[in-house]
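Written out below as structure tokens is the structure these notes cover.
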Amino acid sequence: MHAYRTHRCGDLRLSHVGETVKLSGWINRKRDHGGVLFIDLRDTYGVTQCVVDEGSPLLAHAEQWRNESVITIVGKVRARPGESANTKLPTGEIEVYIDEADVQSAADVIPFQVAEDDGAGEDLRLKYRYLDLRREKMQKKIRLRNEVTASIRRRMIEQEFQEFQTPILTASSPEGARDYLVPSRLHPGKFYALPQAPQQFKQMLMISGFDKYFQIAPCFRDEDGRADRLAEFYQLDVEMSFVTQEDIFNTVQPVIEGMFEEFSDFTGTKHKIEWLPHLRYEDAMLKYGSDKPDLRNPLEIVDVSDVFARDDVEFKAFKGVISKGGVVRAIRAPKVSDRPRSFFDKLNNWAQSEGAPGLGYISFSEGEGKGPIAKFVPEAAQIQLKESAGLEDGDAVFFICDQKSKAEKMAGLARDAICDAMGNREKNIYKFCWVVDFPMYEFDETTQKIDFSHNPFSMPQGGMDDLENKDPLGVYAYQYDCVCNGFELASGAIRNHKPEIMAKAFGIAGYGKDVLEKEFGGMLNAMRYGAPPHGGCAFGLDRMIMLLADEPNLREVYAFVMNGQYEDQLMNAPSDITPEQLKDLHIKLNVPKEIKTEKAA
RNA sequence: GCGGGCGUAGUUCAGUUGGUUUAGAACGCCGCCCUGUCACGGCGGAGGUCGCGGGUUCAAGUCCCGUCGCUCGCGCCA
């Protein structure tokens, strides 16, 4: 007989009755009835009820075993007597009568419960992650993660993609997020950087002629965290040669859609999958106030600046902003005019908590406009408003007035707040959409300069011609995002594979040829020896799993993960290192004093 | 860097307008009882610097200030 087990804890059925078996696992729960003791033995495959009774010399020992101890038992499988079968368990028709038992590892009193969700805080769960991971819910999510990556690999390979690994120790690159840096021992004063993404490597693989690349790539970015952002994360990274933007969509969309379809009932509720028509970036910003709109929210934003600019409208709060170049955006909330005053007040309070002066509105009932602002908008203007916003009797309309970019953003937030207040966000559906035609450049208010708005390697639409002849802020890029339920799932572009267009594009953003050569010389050189037109995208693997598992944050879909401050309480990272290590790396610390003393105290 | 929320037993939480000798509950833990449970049940017990520091007050878990920790967001993140 095997040293530890003949079967797994989810294996045994009525057909095994009479067999002598050996099982190993964790004590999930005990039920001690004095003369008879039930032990639920658990492994990742299931739970089997094991029994000791007064006839056994083991009884006195077994009563002492604590939950979560690891034991090995040998015993006979028998049918549960009488009515005592448990239909909730796959193994519920049998039990194992324990003849021999070994305690492989006794457990101390555990800091939180494994067999049930006792609501333990996240900091504790992360500190004792190995216990947290024993819980059924975590086992399921980690299994989901495994199955999702396997499914993606299978689907990509079926489409003739080749999987690559690319360097983890690489060069710092100037654009984008802050890099994680690794000091070099062999090269004093020099540093490697961990890749923010394998961007340049995958492009060079295209230049190398591989045609269809993918990688489930670790990426590292040293910026502050969010529920959907971590220091290290994984992307399904994709790149293809000789393709247009639509070719890329048509290739990756079935992979993502098929994978989502495969796991869309993970939560126990089947989710529909819907892929909406492409959305232009500018339209997204106007209609939804976001470049990653949640399209389960049916509300749309319209511009009604014209209405409030009319001479017969006397609402000074808005007029003042409009005269300084501002805009008024409106959100129609259908059939809410009969809601109590508190409905509108709550939204107003919400807007103030977001730093807005308030959230003005007019509600229409019995053909009449009502609400605090209505008296400033005469009937003729109300008619124009109704037409612009598609208002019907019984509707209300909310207003946001500010300078364009601020108004867009606030309207986007208000759109979600109103939707939630109304309770009409669509459920049990994944609504996907490609957001396309991102602007190549944007005006940076803080530096008062034109800069790349997304990836500087993107190909400008219209190529050299547009760069030379158009207002830079009017140049679009072949740059796109894939959006699902309010998350940016992917970002991608057709790349700029022509060095001369690259030079021009960087020049417009204020980077000279010397800078370009210094920072991206390797990439530029590669383009000079025959570069195919190419493009790709990268999907946030963790965000996709988070959506499928219906979890509110990324940390829930990793086995091991840092907390919100990017500290790992389990492994104690980041940590101090020895003076010898620092010396090897030619590094002297220069830590601000107050930080030192805080940490010491 | 900034803002919101939270911090009371091992865990999750309650704790009224500041006011009664010993700050409660559930789960967990320890002891005793119980032969058919499966969230077993019953009786009993241990367990607290109310995050920390200061202040107001006759009196602070409760009010004020500071600070630390966790969390969500803003900035940041092509």
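Computed over heavy atoms, backbone and side chain alike; hydrogens, waters and symmetry mates excluded. Chain A is the first sequence line, chain B the second, and so forth, proteins listed ahead of strands; every chain is numbered from 1.
Residues meeting the ring pair (Phe, Tyr, Trp, His ring centres under 6.0 Å) test with A/Phe233, sequence neighbours left out: none. Every residue two or more places apart in sequence or in another chain that forms a ring pair (Phe, Tyr, Trp, His ring centres under 6.0 Å) with A/Tyr441 is listed here: A/Phe452.
Looking at A/Arg78, its side chain comes within 3.5 Å of the base of B/G36 through a donor and an acceptor atom. At a cut-off of 3.5 angstrom, counting only N and O atoms as typed in the model, there is a donor on one side and an acceptor on the other between the side-chain of A/Asn86 and the base of B/C38.
Comparing B/U12 with B/C50, their C1' atoms sit 16 Å apart, to the nearest whole Å. With both ends at atom C1', the span from B/A14 to B/G75 equals 38 Å, rounded to whole Å. Between B/U21 and B/C34, the two C1' atoms lie 39 Å apart (nearest whole Å).
Where A/Glu116 and A/Arg29 each meet RNA chain B at their nearest nucleotide, the meeting point lying more 5' is that of A/Glu116.
Contacts between residues 47-57 of chain A and RNA chain B, defined by a heavy-atom separation below 4.0 Å, involve A/Gln49, A/Glu54, listed by number.
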What N/O pairs connect the protein and nucleotides 72-76 of chain B at under 3.5 Å? Give each pair on its own line.
residue	atom	partner	partner atom	Å
B/C72	OP1	A/Arg555	NH2	2.5
B/C72	OP2	A/Arg555	NH2	3.4
B/G73	OP2	A/Ala227	N	2.9
B/C74	OP2	A/Arg226	NE	2.8
B/G75	OP1	A/Lys409	NZ	2.4
B/G75	N7	A/Arg226	NH2	2.7
B/G75	O6	A/Arg226	NH1	3.1
B/G75	O6	A/Arg226	NH2	3.2
B/G75	N1	A/Asp224	OD2	2.8
B/C76	O2'	A/Glu223	OE1	2.7
B/C76	O2	A/Arg229	NH2	3.2
B/C76	N3	A/Arg229	NH1	3.3
B/C76	N3	A/Arg229	NH2	2.9
B/C76	N4	A/Arg226	NH2	3.4
B/C76	N4	A/Arg229	NH1	3.3

Nucleotide N/O to protein N/O under 3.5 Å, stretch nucleotides 29-32 of chain B:
residue	atom	partner	partner atom	Å
B/C30	OP1	A/Arg66	NE	3.2

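By the 4.0 Å N-to-carboxylate-O rule, A/Lys30 lies too far from A/Asp32 to be salt-bridged with it. Contact check on A/Glu93 versus A/Arg80 returns no salt bridge, with no Lys/Arg side-chain nitrogen under 4.0 Å from an Asp/Glu carboxylate oxygen. Taking a cutoff of 4.0 Å between a charged side-chain nitrogen and a carboxylate oxygen, A/Arg229 and A/Glu223 do not qualify as a salt bridge.
For A/Tyr480 and A/Tyr281, the ring centers sit 6.0 Å or farther from each other.
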Item checked: salt bridge (Lys or Arg N to Asp or Glu O under 4.0 Å) evaluation trace for A/Asp451 with A/Lys449 -> CA-CA 6 Å; A/Asp451 204 351; A/Lys449 277 183 189 162; over 6 Å; no
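Using a 4.0 Å heavy-atom distance criterion, A/Ala85 is classed as a base contact.
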Next item on the list: With pairs defined as Watson-Crick or G-U wobble and both distances under 3.5 angstrom, please note down RNA chain B as a dot-bracket string, | for pairing with another strand.
Entry: (((((((..((((.....[....)))).(((((.......))))).....(((((..]....))))))))))))....
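Stacking is not found between A/His33 and the pyrimidine-like six-membered ring of the B/C34 base under the 5.5 Å centre-distance and 30° plane-angle cut-offs.
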